[in-house]
Enquirer: 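Have a look at this one before I ask anything.
So you know, we letter chains A, B, ... as the sequences are listed, proteins then strands, and number each from 1. Here the structure is a predicted model, which is why all the values come from computation and not from measurement.
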Protein chains: 2
Amino acid sequence: MTPTPPRPRRSRSAAAAPPTADAPALPAGKATINDIARLSGVSKKTVSRVINNSPLVHPETREKVLALMKQLGYTPDPQARGLAFRRSFLIGLVYDNPTAQYIVNMQYGALDALRDSGYELVVHPCDSTREDYIDGVRRFVLQQKLHGVILIPRVSEDEQLAAALREIGCRYVRVASIPLDAAPNMLVTRDRLASTEAANYLESLGHRTIGLITGPRRYRSAIERGEGFLAGLAARGIELAPDYVYEGGYTFDSGVAGAEFLLAKSPRPTAIFACNDEMAAGVYKAAMRRGLGIPGDLSVVGYDDSPLASQLWPALTTIHSPTRDVGREAARMLLDDHAPALEQPRDVTPHLVVRDSSQRPKG
Amino acid sequence: MTPTPPRPRRSRSAAAAPPTADAPALPAGKATINDIARLSGVSKKTVSRVINNSPLVHPETREKVLALMKQLGYTPDPQARGLAFRRSFLIGLVYDNPTAQYIVNMQYGALDALRDSGYELVVHPCDSTREDYIDGVRRFVLQQKLHGVILIPRVSEDEQLAAALREIGCRYVRVASIPLDAAPNMLVTRDRLASTEAANYLESLGHRTIGLITGPRRYRSAIERGEGFLAGLAARGIELAPDYVYEGGYTFDSGVAGAEFLLAKSPRPTAIFACNDEMAAGVYKAAMRRGLGIPGDLSVVGYDDSPLASQLWPALTTIHSPTRDVGREAARMLLDDHAPALEQPRDVTPHLVVRDSSQRPKG
DNA sequence: CTGAAAGCGCTTACAG
DNA sequence: CTGAAAGCGCTTACAG
């Protein structure tokens, strides 16, 4: 489908300032490179050099041009620049179906980095279970000639998508819980370490009988979080029996089911680590239905620090990931020309936030 | 700040197909209007007419051109079109600080309408408490030459912003709980009616002593929701005493405070209507701390049907607004050329979703 | 350090 | 119904 041409609803309101004898005419509408060139007495090529921070401009010339640009409120037209550069000043954010808060925080972060940069953020949710979703992303990138894209879980874990982007020469940054790509294209959230911290915390409280509700194995984060937790316990001499581990689906209902399963065990766990907050909320429901108090009878730890976490009662102990910082950093990497020199992938480590859903076990 | 020019990371991989004697050469990279014109033996102006659905093209010519475009996978370059049209194929979503789920649903809805339209969605959060936020929106619109913008509460309620957009000739659609503008620029969510439904529901259950926690008065939605609820009760003969109404701030903590205030009254309310789910979650906390059971001792009704609502325990009775539909409709109105003919503003009415937090009062 | 010419891929204004 | 010319606001490639 081709979009129909925009239909203006009103005519331009700005009228041209009348030219005077001793000063060159000011531009009527928005100033262009030609106006700047003419009024500052240089060629448009020189103005272009100033725009693009070329060193090949005499400092005085540069100052003069910059002053005029500022005076006229001139900003170069991104469409014209894009046409000439064969590339746009748009960054794409591609994602599958994470939680709303995660998406929004990522957007805020990316926009932090893009502010006043002349770049804008274009969002592209997609359904990675569809065969043709990569085609959809490819068309999006090609059609808009995107400067680059940010990929967040789960699409960030898809090697075929990354390969398709490389093939069309589109730069990208993948946010994932392990390094899946060359350093300049990677931003690692160390979920494994954070989950180990949760394990250490529960062990240090005195918990010995512990349940784990993991995410679905097809998410790399689920594996990292689960393994990190188990490794943390193991390092402190606690081996979790396999039937104290339940594979959930990162959904509320699977959290309920997981807790029903675990709380029926004997001995009953005194603590449950749920690999996201939604499932932790499900644990609350199951525990309360059984008349178990939190944290009196059961300690619960979640992961994500979603808005939910602080609005449950009791407030949920959980792991906070600096998603906005991650989004900011990802966008920076896309804009930064020095990033490709990176040797080690950048990373961030989420950390535990202790609230009211966890305490020493009774007895 | 001027963005530095994009730096390509790799060279083009596509090689030109070798021209043969009996067929014109196929374009090397992405096909352009010139390729289509040359290969189909018409002028580029005619191809342009086909692109823009001009009726002034012979049907046969149109078919021939369309077939070739399809064969070569040609899509017009939005930047080039934009430069010539002096307008981009971008839609802006401008918002202040609503909940994450609301933003994301609105984005999904808008993207539903933009899919395969050639338009893309650019997001623009802003801080409407800052003096210069309107300037920021203006620059955003002007710089990107946006086709139009969608405004959602609370920025949609700002007359100065709307005036600024009219002044620069930018089309917009305002999503708000009352008609604030001409019909083609308005999409009304009838929060008042939905809140009246909540009042009817509680009255029909038998509640007579009822508490109300409103949102902050500076939000039009807060006024509509609060007044709609009070009007609904009044229509059924229940006059709420002023001290059974608490003005909250749409935040969890204000919900807690409001509930503390209302639950200390005598007689104690048997039901509380909180004007958003976050505050309703706060009511849960306050009730549970006092040892009051929900819904046994207290019925609670929220507003928004956020993810939180179904993840609380017990699941929250609340009002569901079809936000995704609203986003879709708003984007459609922006793309649709017939919309300006609208006499009455379009509207949607949210509806009550009964879950487990409400029942007949005891005794 | 600076500039005149040609071009990016489209459209408008005009002519037929 | 169709097209040749000029232009949108920038940049690249070349020359000095």
Enquirer: Is any side-chain N or O of A:Thr32 closer than 4.0 Å to OP1 or OP2 of D:dC8?
Expert: no
Enquirer: Are a donor atom and an acceptor atom from the side chains of B:Arg81 and B:Asn52 found within less than 3.5 Å of each other?
Expert: yes
Enquirer: A:Arg81 side chain N/O closer than 4.0 Å to the phosphate oxygens (OP1, OP2) of D:dT11?
Expert: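 Affirmative; the distance criterion is met.
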Enquirer: Answer with yes or no after comparing the ring centroid distance for B:Tyr119 and B:His147 against a 6.0 Å cut-off, counting only values under it.
Expert: yes
Enquirer: Provide the Watson-Crick or G-U wobble partner of C:dA4, both distances under 3.5 Å; none if there is no partner.
Expert: none
Enquirer: With the threshold set at 4.0 Å, does a side-chain nitrogen-carboxylate oxygen contact exist between B:Asp127 and B:Arg130?
Expert: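 Salt bridge: no.
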Enquirer: Base, sugar-phosphate, or nothing for A:Pro78, non-hydrogen atoms under 4.0 angstrom?
Expert: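 The residue A:Pro78 makes no contact with any strand.
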Enquirer: Counting side-chain heavy atoms from C-beta on, which of C:dT2, D:dT11, D:dG9 comes nearest to B:Leu83?
Expert: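 Closest nucleotide among those given: D:dG9.
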Enquirer: For C:dG3, take OP1 and OP2 only and decide whether either is under 4.0 Å from a side-chain N or O of A:Ser43.
Expert: yes
Enquirer: If only side-chain N and O atoms of A:Asn34 are considered, is one of them under 4.0 Å from the OP1 or OP2 phosphate oxygen of D:dC10?
Expert: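 Answer no for this pair, as no side-chain N or O of A:Asn34 is under 4.0 Å from OP1 or OP2.
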Enquirer: Quick check for you: among D:dG3, C:dT11, C:dT2, whose closest atom lies nearest to any side-chain atom of B:Ile51?
Expert: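 For the B:Ile51 side chain, the nearest candidate turns out to be C:dT11.
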Enquirer: Look at the side-chain N and O atoms of B:Ser48 and state whether any lies under 4.0 Å from the OP1 or OP2 oxygen of C:dT12.
Expert: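 It does not, given that no N or O in the side chain of B:Ser48 lies less than 4.0 Å from OP1 or OP2 of C:dT12.
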